[in-house]
There are 2 protein chains.
Amino acid sequence: MDFRKFIEQGEKLFLPNLSVDMVIIGFHEEKLKCLLLQIGDRWLLPGGYIFRSESVEAATVRILQERTGLPDPHFKFLSVFGGEDRNFTEEWQQFLEKDDINFTEDCWLNDRFVTLAYYSLVDFEKTKPMVGNLDSAFAWFGLDELPDMWMDHKKIVLTAKNRLKEDMQQEHLTYNLLPKEFTMPQLHQLHQTILEETLDRSRFQKKMIASGVFERLPKLQKDSPGRKPYQYRVKKA
Amino acid sequence: MDFRKFIEQGEKLFLPNLSVDMVIIGFHEEKLKCLLLQIGDRWLLPGGYIFRSESVEAATVRILQERTGLPDPHFKFLSVFGGEDRNFTEEWQQFLEKDDINFTEDCWLNDRFVTLAYYSLVDFEKTKPMVGNLDSAFAWFGLDELPDMWMDHKKIVLTAKNRLKEDMQQEHLTYNLLPKEFTMPQLHQLHQTILEETLDRSRFQKKMIASGVFERLPKLQKDSPGRKPYQYRVKKA
DNA sequence: ACAAAAGTGTTCAGCCTACACCCATGG
DNA sequence: CCATGGGTGTAGGCTGAACACTTTTGT
């Protein structure tokens, strides 16, 4: 969408005062990373607004696809952030004062926003992040090395980090962070990273296999010393 | 709030296109009941809108207090319902056409609404439901005997019913449905009702006591045959 | 042959399960 | 004293914890 149109006509196109924010999480170099965008000097979560003729779910998928290039990304609802003072007046002003856009104080973007926060687990290697109209860059940040962020966005990321810990103990979803085919040692390492504690290798392996969620594939070929691990993927069923 | 002001000026006072709906659940006569309001011939969930200068959380609490009369009601987020065609044009029309209010097609209430659904567990006996400006009556309905309801409201109730089943296995929250002081047989019966299955009495009792969440009080005095049960309440900690 | 990596076994403790049994009270 | 309701005990099975052991591979 054209930038000027977005600023000037956004309130006609989108549901006002409501946004969607995405905590997009990947796993790279033994660490959890979060995809952030840069506007001005500061960083913020990828997000967007809901077209008046679009369901919330569709908006969520669209925003995710736009940012990650993935056709069918995983996502899960996180939380509503709805503080009465939740607006981005300062942030927009800092960024837009240098531009020639007609950005007045009563612009819809300056109003209060309730945001619907989601988190999304993606395959780091498959993800092809893209910048939007407003943001000048993207980058992956370790969840413990977050930069200065807009408003409550850092709080949203940390909420996602904690929620992921809880959710993964209830349902199988961590495989979304790995390639389609992966090994138990990889999954084991991933779980340890997310939970921030060591897990008994033997028990982990048996529990995962016993869950019946995964199916075993031929062994992985690789050039490192030691036994070759089996590969697994999620059962389609 | 004055009815005319609500219709005519609501869009200035509230965040537009966003509502809060409450599945208020009580336990009475061995059954789960849900508090509904009547507008015209049909029933709907208690709900409301968020003032522009009010946090979502504050709105939630306010709406709950208005409807239940309870000072500090329990509530928990349920889900977002955000379909692209989610509006109440038909429902409002049916109800308001007999009135002399200036209710035009472009009224804010006819627009699309995204709703934030919560559920709330209340002590049936302590709850003093109240009707609002719009609704003509309230009533408690068994979760398996729901009447004809607005739009997706029945779906929201059933979502709450299922979520309650899941949540209660993770955290202690069912005591919100009972008086401050209650007995294990009561709690046992309640859990069986919610889960729709029988639970071993012995095991249930030991598990509850072992959780350390409750403290034992003197035995209950009552006039029925059989041993008198202890009373319990939640530990304040 | 050795070290490293991955897979599998073994033992023990603790918890869940299904009942059985024991206590208290009113009729 | 017995029917009813409520509290506690026990034997077996399943699951999780900790760690040992074996297999496979590159160097």
Side-chain angles (χ1 to χ4, degrees), chain A residues 27 29-30 165-172 174-175 178-235, chain B residues 27 29-30 165-166 168-172 174-175 178-179 181-235:
Chain A
F27 182 56
E29 290 172 348
E30 315 262 295
K165 273 193 208 180
E166 296 168 19
D167 288 353
M168 71 182 283
Q169 322 228 27
Q170 295 300 125
E171 48 179 326
H172 288 277
T174 48
Y175 59 81
L178 296 174
K180 269 211 236 6
E181 304 183 349
F182 55 88
T183 68
M184 280 299 155
Q186 276 180 289
L187 192 63
H188 178 231
Q189 178 56 52
L190 172 58
H191 277 233
Q192 290 193 141
T193 303
I194 297 176
L195 295 172
E196 297 175 300
E197 60 188 34
T198 56
L199 295 172
D200 183 88
R201 201 168 49 81
S202 162
R203 191 160 16 105
F204 178 81
Q205 184 127 339
K206 275 182 287 190
K207 198 164 148 188
M208 287 301 125
I209 291 170
S211 76
V213 174
F214 309 110
E215 60 183 344
R216 183 175 277 188
L217 301 171
K219 291 179 183 175
L220 178 68
Q221 298 307 313
K222 55 166 191 173
D223 301 339
S224 61
R227 190 166 171 171
K228 290 179 170 45
Y230 291 103
Q231 293 190 108
Y232 292 85
R233 69 175 170 213
V234 213
K235 272 189 195 165
Chain B
F27 182 56
E29 291 173 347
E30 314 262 295
K165 274 192 207 180
E166 295 166 20
M168 71 182 283
Q169 321 228 25
Q170 295 301 124
E171 47 179 327
H172 288 277
T174 48
Y175 58 82
L178 295 174
E181 305 184 347
F182 54 88
T183 68
M184 282 298 155
Q186 277 181 290
L187 193 62
H188 178 232
Q189 177 56 50
L190 172 58
H191 278 234
Q192 291 193 141
T193 303
I194 298 176
L195 295 172
E196 296 175 300
E197 62 188 33
T198 56
L199 295 171
D200 184 89
R201 197 169 52 83
S202 160
R203 190 159 15 105
F204 178 81
Q205 183 126 340
K206 275 182 286 190
K207 198 163 147 189
M208 288 301 127
I209 291 170
S211 76
V213 174
F214 309 109
E215 60 183 343
R216 183 175 276 188
L217 301 172
K219 291 181 182 175
L220 179 67
Q221 298 307 314
K222 55 166 190 173
D223 300 340
S224 62
R227 193 166 169 171
K228 290 177 171 49
Y230 291 103
Q231 292 190 107
Y232 292 85
R233 67 176 170 213
V234 213
K235 270 189 196 165

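Keep in mind it's a predicted model, so treat the numbers as computed, not measured. Residue numbers begin at 1 in each chain, while the letters A, B, ... track the order of the sequences.
Regarding contacts with the backbone of dC16(C), every side-chain N or O of Arg203(B) stays at 4.0 angstrom or more from both OP1 and OP2. For Arg201(B), no side-chain nitrogen or oxygen approaches OP1 or OP2 of dG7(D) to under 4.0 Å.
Among all heavy-atom pairs drawn from Met184(B) and Phe204(B), the shortest one is O-CE2, 4.1 Å. Residue Phe27(A) comes nearest to Thr193(A) through the heavy atom pair CE1-OG1, 3.8 Å, listed as atom of the first residue, atom of the second, then distance.
Not one N or O on the side chain of Glu215(A) forms a donor-acceptor pair closer than 3.5 Å with the backbone of Lys235(A). A donor-acceptor distance shorter than 3.5 angstrom exists from the side chain of His188(B) to the backbone of Leu199(B), with no hydrogens or angles considered.
Less than 4.0 Å separates DNA chain C from at least one heavy atom of each of the following residues of residues 206-217 of chain A: Lys206(A), Arg216(A).
Within the structure, salt bridge (charged side-chain N to carboxylate O under 4.0 Å, His left out) contacts touching residues 195-205 of chain A (residues at least two apart or in different chains) are Lys161(A)-Glu196(A), Lys165(A)-Glu196(A).
If you take CZ of Phe204(B) and C1' of dG7(D), they are 14 Å apart, rounded to a whole angstrom. Whole-Å rounding puts the Gln221(A) CD to dG26(D) P distance at 9 Å. Atom P of nucleotide dA5(C) and atom CD of Gln186(A) are separated by 14 Å, given to the nearest angstrom. One interatomic measurement links the two molecules: CD of Gln205(B) to P of dG5(D), which rounds to 16 Å at whole-angstrom precision. The distance between atom CG of Leu199(B) and atom P of dC16(C), rounded to the nearest whole Å, is 13 Å. In this structure, CD of Gln189(B) is placed 14 Å from C1' of dG6(D), rounded to the nearest angstrom. Between the CG atom of Leu187(B) and the P atom of dG7(D) there is a distance of 12 Å, given to the nearest Å.
Pro229(A) is linked by a side chain to side chain contact (heavy atoms under 4.5 Å, CB included) to Thr183(A), Pro185(A), Leu220(A), Lys222(A), counting only residues two or more places apart in sequence or in another chain. Residues passing the salt bridge (Lys or Arg N to Asp or Glu O under 4.0 Å) test with Lys207(A): none are found, sequence neighbours excluded. Applying the side chain to side chain contact (heavy atoms under 4.5 Å, CB included) test to Glu181(A) and every residue at least two apart in sequence or in another chain returns Leu217(A), Gln231(A), Arg233(A).
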Using atom names, set out every protein N or O paired with an N or O of nucleotides 24-27 of chain C below 3.5 Å, distance rounded to 0.1 Å.
unit_1: dA24(C); atom_1: N3; unit_2: Arg227(B); atom_2: N; d: 3.3
unit_1: dT25(C); atom_1: O4'; unit_2: Gly226(B); atom_2: O; d: 3.3
unit_1: dT25(C); atom_1: O3'; unit_2: Lys228(B); atom_2: NZ; d: 3.2
unit_1: dT25(C); atom_1: O2; unit_2: Gly226(B); atom_2: N; d: 3.2
unit_1: dG26(C); atom_1: OP1; unit_2: Lys228(B); atom_2: NZ; d: 3.2

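A donor-acceptor contact closer than 3.5 angstrom links the side chains of Gln170(A) and Gln170(B).
Looking at which nucleotide of DNA chain D each of Thr183(B) and Asp200(B) is closest to, the 5′-most match is held by Thr183(B).
At a cut-off of 3.5 angstrom, the base of dG9(D) holds at least one donor-acceptor pair with the side chain of Ser202(B).
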